[in-house]
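Everything below concerns the one structure shown next.
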Amino acid sequence: MAAVDDIETTPPHPKKTLIRRHSLVTRITHWLNVLCLSLLLMSGLQIFNAHPSLYWGQYGADADPSWLSISAVEEGDGARGVLRIGGLSITTTGILGVSRAGGDATERGFPSWATIPSYQDLATGRRWHFFFAWLFVINGFVYVLYGFAAGHFRRDLAPTAEEISPSHLKQEIADHARLRFPKGEKASHYNALQKLTYLIVIFILLPLMLATGLTMSPGMDAGFPFLLDIFGGRQSARGIHFICAWSIVLFVLVHVAMVILSGLWNNMRSMVTGRYAIESEGAKK
């Protein structure tokens, strides 16, 4: 009779189960956000190119000191692109300040491939920006209304006291750094870092983007002059708008990287069909 230790056993096979992860409203508003944010960024860069400098305070002109600027500096027979942030200057020829358009080096803030339209046209850029800004606001309003009415924020995004404890957050940061992603039932829920990040973007960054965008409008300032007082002037609002925009770009880049690393097909399927596959151990064979 064979010893117990000699008996061969087959390890359990992981079994995949499809669960419902994203509602139809969440999926539709998500993809509309992708469209709107992409075109808002590109048209916003077109608007920024009309005067590629940022200031703090009520006014901003060539004689006023800027805290950020993208410019071209004459150098020999050509020009050199320069990004200046405070007292730091970085050569950015070929991307910022000086880039190629149609084969020729051109002085412009952001390159033609990053703006809508590709050629310099402030009026057209503003029309694109305003159209997709209103579409984005309407889409966001639908998402927030649904989030409260359907309990999406309370059920899926509100972190528990345990989740926001320093020890738990430290462990999640370490797991993310090692690319260790949750498996099984835990994968069906957002982790604490996701919840906190989404809440910051939804309820802080995006509203701040909207408020500073409205503050830059002379028409809105005439009707709501307190906006200028809140943000310390139109130029300060423009600077905050710029910072928020690139903070959202950073969020999107990290978000896309995590989507790819944690399972591109599974994550894409969940945001297209609403179904997400989780692995669980099956019975031994």
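Everything numeric in this text was worked out from a predicted model, so none of it was measured.
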Using 30° and 60° as the class limits, which term best fits the ring planes of His255 and Phe251: parallel, tilted or perpendicular? parallel

Check whether any side-chain heavy atom of Arg80 lies under 4.5 Å from a side-chain heavy atom of Thr93, and answer yes or no. yes

Should Met209 and Ile248 count as side-chain neighbours, where that means a heavy-atom distance under 4.5 Å? yes

Just by distance, do the side chain of [X] and the backbone of [Y] share a donor-acceptor pair under 3.5 Å?
{"X": "Thr92", "Y": "Ile95", "result": "no"}
{"X": "Arg84", "Y": "Ser69", "result": "no"}
{"X": "Asn139", "Y": "Leu32", "result": "no"}
{"X": "Trp31", "Y": "Met271", "result": "yes"}
{"X": "Asn266", "Y": "Ala277", "result": "yes"}
{"X": "Glu172", "Y": "Ala192", "result": "yes"}
{"X": "Thr29", "Y": "Thr26", "result": "yes"}
{"X": "Thr273", "Y": "Ser270", "result": "no"}
{"X": "Gln46", "Y": "Pro117", "result": "yes"}

[Y] reachable from [X] in the ILVMFWY side-chain graph, under 4.5 Å edges:
{"X": "Ile202", "Y": "Leu135", "result": "yes"}
{"X": "Leu54", "Y": "Ile85", "result": "yes"}
{"X": "Tyr55", "Y": "Ile70", "result": "no"}

May I have the step-by-step check of side-chain contact (heavy atoms from CB on, under 4.5 Å) for Ile90 and Val82, ending in yes or no? CA-CA 6 Å; Ile90 307 170; Val82 176; over 6 Å; no

Apply side-chain contact (heavy atoms from CB on, under 4.5 Å) to the pair Leu214 and Phe224, showing each step before the final yes or no. CA-CA 9 Å; Leu214 293 175; Phe224 306 96; over 6 Å; no

Would one find more than 12 heavy atoms of other residues, nucleotides or ligands at under 6.0 Å from atom CH2 of Trp67? yes

Side-chain donor-acceptor distances from residues 228-240 under 3.5 Å, at least two apart:
residue: Arg234; atom: NE; partner: Asp221; partner atom: OD2; Å: 3.1
residue: Arg234; atom: NH2; partner: Asp221; partner atom: OD2; Å: 2.5
residue: Ser236; atom: OG; partner: Gly57; partner atom: N; Å: 2.6
residue: Ser236; atom: OG; partner: Gly232; partner atom: O; Å: 3.4
residue: Arg238; atom: NH1; partner: Ser53; partner atom: O; Å: 2.4
residue: Arg238; atom: NH2; partner: His51; partner atom: O; Å: 2.8

Give me each pair satisfying ring-ring contact (aromatic ring centres under 6.0 Å, His included) with a member in residues 152-185, each pair once, sequence neighbours excluded. Tyr143-His152, Tyr143-Phe153, Phe148-Phe153, Phe153-Phe203

